[in-house]
Protein chains: 2
Amino acid sequence: MIRIMLVDDHTMVREALCSMLEQDKTLKVVSAVGDGETALRLAAELAPTVVVMDVALPGASGIETTRRLLARHPEIKVLALSTYLDRRIVQQMLDVGASGYIAKSAAGVELRQGIQNVVAGRSYLCSEVAALVADGLRELAAAGGKHDTNALSRRETQIATLLAEGKSAPDIAAELHIAPSTVDVHRRNLMRKLDLHNVVELTRYAIRTGLVLP
Amino acid sequence: MIRIMLVDDHTMVREALCSMLEQDKTLKVVSAVGDGETALRLAAELAPTVVVMDVALPGASGIETTRRLLARHPEIKVLALSTYLDRRIVQQMLDVGASGYIAKSAAGVELRQGIQNVVAGRSYLCSEVAALVADGLRELAAAGGKHDTNALSRRETQIATLLAEGKSAPDIAAELHIAPSTVDVHRRNLMRKLDLHNVVELTRYAIRTGLVLP
DNA sequence: TTCCAACTACCGGCTTCCGGGTAAGCGAAG
DNA sequence: CTTCGCTTACCCGGAAGCCGGTAGTTGGAA
């Protein structure tokens, strides 16, 4: 019996996934929670075999939650589940230790396969994501394998969030008690790191990662 | 036996909802499709009692799909299902004839209640949405009940989409073979209609309505 | 200790955004 | 036929975005 914890901020989706997974009698959903904090709190006592983690979570994102969860419970397998297909996000989830990544556009059977695979100690990417990662490898090879300094600093993440909420640089400067020019520097740096070229792209990135809600 | 058609662009969610709803033996999911065109095509032959429609659909949004569906099949009840809580969007769905609106953050039981209610000819809003609409009424009363000319024209929708894709006004002008100043006029008009004040807010609105993907 | 990444701050310059106005052509609805 | 909404197009001006550069401080890692 595989013990599963579901983490997804939409109650409806959580209940529905639970209902779908429990059709399979070898699976048992021991917990279904809506945010990262609760997941971390309950993981110790419920000892799930697999955590199915939505990437876009309010507050701490699924990425940060996964990092913290695996730091405390390295024996738990994390299977990422996401609405969005973005190579950077897949990369980050795998970097923090997720064993697999399933798109919500994939069929339900891919989720069950993913669970079986990660429990068996293997990695699993749904087909669409696998294609995406393959493209990424090809691009990386073409670019001569130069280092992607992807991870944003704390300040950059904060600035990205506020910009994606629709605030202007001067507004943010006032809110954080720093100079507008400094906000500008952070914006430029984070946009260069992520290869974004205007606030609209930044906004969409922030939404995909769950940094802000649409 | 209530015949249900599910419309949601995420296969995983579609299958999961199907699984959840069919726990109830009085419900029968006769079709589960991923886009508006298919829904319109299959509605005639399958004759569902209720269509559970995700608002954010690729291509034609759930709003447009609902309008066209009810124009051809006024006897079908449409129950909107959405990730987002936005008064303007709720308003638009109800304007085009939806009988109810359920947030994905609501519990599964609200969806089942919604289905039962709309089949019985009543309207149904999940509690969060009901609160939202009540707030809207209060604001409307405070504003003296002035007319909200909310609906966007075809051109405005097009401009909104392109802006939310990260294109600049000059880019869009070139793409559509019109003057940049004209793009600007459409931008200003649509932003005034929707009470948005910068492209970031516009982007998030476009994402909420499914005009663009994040 | 040395080094590097992060945070802070400023300069300049060009482009774009955003809000305000005006106005003409055109097709549908009244 | 008149009116109304949509689309087209232009004017202006202040604010902000976007990109390039330089540079001081600080705190932690090698």
Ala179(A), nearest nucleotide to its side chain (from dT8(C), dC10(C), dT7(D)): dC10(C)
Interatomic distance, Arg192(A) atom CZ to Arg188(A) atom CZ [nearest 0.5 angstrom]: 8.5 Å
Relative orientation of the end axes in the helix from dT1(C)-dA30(D) to dG30(C)-dC1(D), expressed as an angle to the nearest 10° (five pairs per end): 50°
Spacing of His186(A) atom NE2 relative to dA6(C) atom P, expressed in whole Å: 11 Å
Option from Gln113(A), Glu110(A), Lys104(A) for which side-chain contact (heavy atoms from CB on, under 4.5 Å) with Cys126(A) holds: Glu110(A)
Sugar-phosphate only, base, or nothing, as touched by Thr182(B) at under 4.0 Å among non-hydrogen atoms: base
Rounded distance in Å - NZ (Lys193(A)) to C1' (dC19(D)): 18 Å
Interatomic distance where CG belongs to Leu202(A) and C1' belongs to dC18(D) [whole Å]: 13 Å
Sugar-phosphate, base or nothing in reach of Pro180(B), heavy atoms under 4.0 Å: nothing
Sugar-phosphate, base or nothing in reach of Ser153(A), heavy atoms under 4.0 Å: sugar-phosphate
Sugar-phosphate, base or nothing in reach of Ser181(B), heavy atoms under 4.0 Å: base
Exam field: side chain Asp54(B) to backbone Leu57(B), donor-acceptor pair closer than 3.5 Å: no
Flag side-chain contact, heavy atom, 4.5 Å: Arg87(A) against Val129(A): no
Nucleotide N/O to protein N/O under 3.5 Å, stretch nucleotides 18-25 of chain C:
unit_1, atom_1, unit_2, atom_2, d
dC18(C), OP1, Val199(B), N, 3.1
dG20(C), N7, Arg188(B), NH2, 2.6
dG20(C), O6, Arg188(B), NH1, 2.6
dG20(C), O6, Arg188(B), NH2, 3.1
dG21(C), N7, Arg188(B), NH2, 3.1
dG21(C), O6, Arg188(B), NH2, 3.3

Selected nucleotide, minimal atom distance to Arg155(A) side chain, candidates dG17(D), dT7(D), dT8(C): dT8(C)
Any donor-acceptor pair under 3.5 Å from Arg3(A) side chain to Leu46(A) backbone: yes
